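Written out below as structure tokens is the structure these notes cover.
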Amino acid sequence: MPTPSHSQPIPTTWFSRCATAVAPDLLGCWLVRRFPNGLIARGLIVETEAYTPNDPAMHAYRRRTARNSVMFGPAGITYVYLIYGMYHCLNVVTDQDGTPSAVLIRALQLDPIPTWIDLKRDKPHRIAAGPGKLCRALQIDLNHTAQPLVPERGLWLEHRTPQFQMDLERGAIAFTQTTRIGLTQGVELPWRWYLPDCNAVSKK
DNA sequence: TACGGGATCTGT
DNA sequence: CAGATCCCGTAA
């Protein structure tokens, strides 16, 4: 899918809405990474999850702590955490300042594939399939938490192409909404969205 | 200070 | 389906 040269970073105000509104709106948008060596890779966002206040699966559900405090801040900031001691997960903080919530970015279709990634290990469309794998592929770790999503930090978001937006409005593309993955709490909440027929999306 | 679990992924 | 591996939240 072509990327228009006129794309601008999505402004922080766009994220100042309920996570359940932002999560589907992020499908078809682009996560853009500029690596330390200067290479720029784009990932089409194909799977997201919303985490809201009063949501038992949300990391700040019990109380505000050092780790989750960024989710209480203004929207449009990254929230990255380490899980199972080996993988990182990337969220974008949403909603009003003071309202803890975020959207987890779960899967991307990456283009181009960075040259240093071992293609024998994975099919190209599986390189960024999963929240841990996309952070590994894009070299996102705890250094990237609590950062604004701007080119100056090497990580930002861009809106859908006009083509994607048209296909969506015409009904040629439709999203699937269902329950979230890998949780022990809030299992029944249907706050995962994905592009069907996309082989980077989590199974289940 | 100690302990156990987790919004994951991989290889068996 | 178990193991890797470490930070953080909770209890003491």
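All figures in this text were calculated on a predicted structure; none of them were measured in a lab. Every chain is numbered from 1, with letters handed out A, B, ... down the list of sequences.
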Over 12 non-hydrogen atoms of neighbours within 6.0 angstrom of CG in N54(A): no

For dA2(B) versus dT5(C), give the span between their P atoms, rounded off to a whole number of Å. 23 Å

For D97(A), is the CG atom crowded, meaning more than 12 foreign heavy atoms sit under 6.0 Å from it? yes

Is it true that R180(A) and E49(A) make a salt bridge, defined as a side-chain N closer than 4.0 Å to a carboxylate O? no

Which two nucleotides bound the region of DNA chain B that has atoms under 4.0 Å from heavy atoms of chain A, read 5' to 3'? dG6(B) to dT10(B)

Could you spell out the base pairing of DNA chain C as a dot-bracket line? Use Watson-Crick and G-U wobble contacts where both distances are under 3.5 Å, [ ] for crossing pairs, | for partners on a different strand. ||||.||||||.

Under the 3.5 angstrom rule, does the side chain of S101(A) hit a backbone N or O of T52(A) as a donor-acceptor pair? no

Just wondering, do L195(A) and F164(A) contact through their side chains at under 4.5 Å, heavy atoms? yes

As a quick check of understanding, evaluate side-chain contact (heavy atoms from CB on, under 4.5 Å) for V92(A) and T78(A), giving each step before the final call. CA-CA 5 Å; V92(A) 184; T78(A) 58; 6.0 Å; no

Are any of the side-chain heavy atoms of L189(A) and D55(A) separated by less than 4.5 Å? yes

Min side-chain heavy-atom separation L39(A)-P114(A) under 4.5 Å: yes

Distance to the ring centre below 6.0 angstrom and angle to the axis at most 45 degrees; does that hold for R153(A) and W156(A)? no

CG on D111(A) to CG on L44(A), rounded to 0.5 Å: 9.5 Å

What residues in residues 91-99 of chain A put a non-hydrogen atom under 4.0 Å from any atom of DNA chain C? none

Quick check on the 6.0 Å ring-centre criterion: do Y81(A) and H59(A) meet it? yes

Between E47(A) and S202(A), is there a donor-acceptor pair closer than 3.5 Å when you use the side chain of the first and the backbone of the second? yes

Establish, yes or no, whether a centroid distance under 6.0 Å links the rings of W30(A) and H159(A). no

Encode nucleotides 6-12 of chain C as B, S and - characters from 5' to 3', where the letter depends on protein heavy atoms closer than 4.0 Å: B to the base, S only to sugar-phosphate, - to neither. BSSSS--

Which residue pairs pass the salt bridge (Lys or Arg N to Asp or Glu O under 4.0 Å) test with at least one member in residues 128-152 of chain A, sequence neighbours excluded? D122(A)-K133(A)

Close approaches to DNA chain C from residues 177-196 of chain A, in residue order (heavy atom, under 4.0 Å): none

Does L110(A) offer a backbone N or O that forms a donor-acceptor pair with the side chain of R42(A) under 3.5 Å? no

